[in-house]
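This report refers to the structure that appears directly beneath it.
Computed from heavy atoms alone, side chains included, the values below leave out hydrogens, waters and symmetry copies. Throughout, residue positions are numbered sequentially from 1 according to the sequence presented.
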Amino acid sequence: SGLCTGLIVHITAAAAGISAAIYQSAVAFSIVKYAGAAYLLFLAYQSFRQKSAGFNVEAKDSLNRRALYQKGVVMNLLNPKVSLFFLAFLPQFIHPGTFNVTTQMLVYGMLFLIQAFAIFVMISLFAEKVGDRLRRNPQAAKKVHLLEGSLFALIGLKIAVSQR
């Protein structure tokens with residue numbers, strides 16, 4: 001749900017033209033891009049530090065849902081590619097003569113949000129089942145933390161060195 005909250009911000013920004021302004025400003029784009037890359041590298045660092053820690057089997061229900069939500073929001077907001085996606089994708093479906101352009105952007109954005117939410121729910125259900133199995137295997141924790149850290153680091157570095 002944190003990722004979807006971030007999508008709401010991106011959709012609103014795209015509809016209001018804010019994303020276009022950020023994309024046109026090299027400085028603003030660079031700030032968002034490097035902040036997002038730094039955050040992903042920070043998450044990679046945290047994952048690598050936990051590499052030797054196992055999964056806490058008893059803490060399944062004690063996952064801090066608020067912290068997970070906040071992490072999803074921050075990750076989504078600091079990803080400039082999400083803004084660029086809405087700037088590149090949604091305008092293809094806009095018909096200036098039919099309705100207000102902003103309204104059309106919001107409607108298409110909300111349709112995208114609904115399908116994204118459905119996909120995130122399915123992924124969550126799948127992840128819960130896989131997580132239950134992983135919690136029973138202490139060796140899996142090391143591999144998962146290493147994989148997680150590697151993915152965050154690779155994505156963070158890719159964002160940092162990418163052009164618009």
Side-chain angles (χ1 to χ4, degrees), residues 1-51 53 55-56 59-91 102-131 134-135 141 144-162 164:
S1 62
L3 292 172
C4 287
T5 301
L7 285 177
I8 291 170
V9 173
H10 285 293
I11 291 165
T12 304
I18 295 170
S19 294
I22 288 175
Y23 185 66
Q24 293 300 319
S25 168
V27 173
F29 180 82
S30 293
I31 289 170
V32 172
K33 179 175 96 166
Y34 290 122
Y39 184 67
L40 287 169
L41 291 172
F42 171 72
L43 292 176
Y45 170 74
Q46 285 185 322
S47 294
F48 288 137
R49 279 192 31 198
Q50 294 177 356
K51 186 174 66 168
F55 294 119
N56 187 349
K60 177 184 175 189
D61 293 327
S62 70
L63 291 174
N64 186 340
R65 295 188 196 294
R66 183 182 185 129
L68 292 173
Y69 173 81
Q70 290 172 341
K71 184 187 253 187
V73 171
V74 170
M75 284 176 56
N76 194 299
L77 291 179
L78 292 179
N79 185 348
K81 299 212 188 284
V82 177
S83 295
L84 298 179
F85 169 79
F86 284 110
L87 284 175
F89 182 71
L90 292 184
T102 302
T103 303
Q104 289 181 67
M105 288 283 284
L106 288 172
V107 168
Y108 289 133
M110 288 301 127
L111 289 171
F112 180 85
L113 177 67
I114 290 167
Q115 67 83 31
F117 183 75
I119 290 169
F120 292 157
V121 166
M122 288 186 283
I123 290 171
S124 297
L125 295 173
F126 175 73
E128 182 180 19
K129 299 236 184 273
V130 171
L134 289 175
R135 281 187 193 88
V144 168
H145 291 306
L146 183 62
L147 178 64
E148 177 184 53
S150 299
L151 289 174
F152 281 141
L154 287 172
I155 295 168
L157 290 172
K158 181 168 176 32
I159 288 173
V161 299
S162 70
R164 290 184 184 229

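How far OH of Tyr45 is from CZ of Phe42: 8.5 Å, rounded to the nearest 0.5 Å. Taken from CG in Leu3 to CZ in Phe120, the straight-line distance is 4.5 Å, to the nearest 0.5 Å.
Taking the side chain to side chain contact (heavy atoms under 4.5 Å, CB included) definition, one finds that Val82 meets it with Leu7, His10, Asn76, Asn79, Phe86, sequence neighbours left out. Residues passing the side chain to side chain contact (heavy atoms under 4.5 Å, CB included) test with Lys71 are Tyr39, Leu43, Met75, sequence neighbours excluded. Applying the side chain to side chain contact (heavy atoms under 4.5 Å, CB included) test to Val121 and every residue at least two apart in sequence or in another chain returns Phe117, Leu125. Residues passing the side chain to side chain contact (heavy atoms under 4.5 Å, CB included) test with Thr102, sequence neighbours excluded: Ala15, Asn100, Leu106. Under the side chain to side chain donor-acceptor pair (under 3.5 Å) criterion, Thr103 pairs with no residue at all, not counting sequence neighbours. For Tyr34, there are no side chain to side chain donor-acceptor pair (under 3.5 Å) partners at least two apart in sequence or on another chain.
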Result block: side-chain N/O donor-acceptor pairs under 3.5 angstrom for residues 148-161, not counting sequence neighbours:
{"from": "Glu148", "atom 1": "OE1", "to": "Ser47", "atom 2": "OG", "distance (Å)": "2.7"}
{"from": "Ser150", "atom 1": "OG", "to": "Leu146", "atom 2": "O", "distance (Å)": "2.8"}

